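Everything on this sheet refers to the single structure shown next.
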Amino acid sequence: EAKYGVLSILEIIQSDFANLQADTEAAEAASTEAYDRFTVESNKNKAMKLKKVELNGVDRASAEATLQADTVDVKATQDELLAADRYHEKLVPQCLDQGQTFEERTAARRAEIDSLKEALKLLQSPDIATSS
């Protein structure tokens, strides 16, 4: 009867309760430690991501400034190209063959050279030299 007495049942209950309390306290300590590790890791990740967002904002501002400067450069270059194209179109007719043969161009060039030589002789003549 002592085996199944009230005191023995209370001792079993007390032993089971002590085991349950020890298991619960151990599980709670492990959970608290896991939570603390998670909190520290989360705070680190949050700080890193905030820093990354900040750096990305700086990079974005820099990229936008570069884009604006490059856009201005492209506009200026396009304007220069347009002016050069217009000038080229103006020069092309002057440079194209205007229906003269090689012999005609050579004769015209020869006549121009001869007239320049004659003008040089006139400028070097003593009459011109004494009049100035």
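None of the values given here were measured: they were computed from a predicted structure.
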Nearest-0.5 Å distance, [atom1] of residue [X] to [atom2] of residue [Y]:
X: Ser31; Y: Asp36; atom1: OG; atom2: CG; value: 10.5 Å
X: Leu7; Y: Ile12; atom1: CG; atom2: CD1; value: 11.0 Å
X: Gln124; Y: Leu120; atom1: CD; atom2: CG; value: 4.0 Å
X: Ser15; Y: Leu10; atom1: OG; atom2: CG; value: 12.5 Å
X: Glu89; Y: Asp85; atom1: CD; atom2: CG; value: 6.5 Å
X: Thr77; Y: Leu82; atom1: OG1; atom2: CG; value: 12.5 Å

Other ILVMFWY residues reachable from Leu91 by side-chain steps of under 4.5 Å
Tyr87
For Val58, is there any backbone N or O sitting under 3.5 Å from a side-chain donor or acceptor partner on Ser62?
no
Do the non-hydrogen side-chain atoms of [X] and [Y] ever get within less than 4.5 Å of each other?
X: Glu25; Y: Gln21; value: yes
X: Met48; Y: Lys52; value: no
X: Arg109; Y: Thr106; value: yes
X: Lys44; Y: Val40; value: yes

Once side-chain hydrogen bond (donor to acceptor under 3.5 Å, both in side chains) is applied, do any residues pair with Arg86, and if so which ones, sequence neighbours excluded?
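Once residues adjacent in sequence are excluded, Arg86 has no partner under the side-chain hydrogen bond (donor to acceptor under 3.5 Å, both in side chains) criterion.
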With sequence neighbours left out, write down each residue that passes side-chain hydrogen bond (donor to acceptor under 3.5 Å, both in side chains) with Glu33, or none if nothing qualifies.
Arg37
Using side chain to side chain contact (heavy atoms under 4.5 Å, CB included), reason through Glu64 and Arg60 one step at a time and then give a plain yes or no.
CA-CA 6 Å; Glu64 286 176 354; Arg60 180 179 177 184; 3.1 Å; yes
Which residue pairs satisfy the salt bridge (Lys or Arg N to Asp or Glu O under 4.0 Å) criterion with at least one member in residues 9-24, sequence neighbours excluded?
none
Sequence neighbours excluded - salt bridge (Lys or Arg N to Asp or Glu O under 4.0 Å) pairs with any residue from residues 67-80:
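Sorted result for residues 67-80: Lys75-Asp79.
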Using the test side chain to side chain contact (heavy atoms under 4.5 Å, CB included), find all partners of Val92 that sit at least two apart in sequence or belong to another chain.
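Result, side chain to side chain contact (heavy atoms under 4.5 Å, CB included) vs Val92: His88, Leu96.
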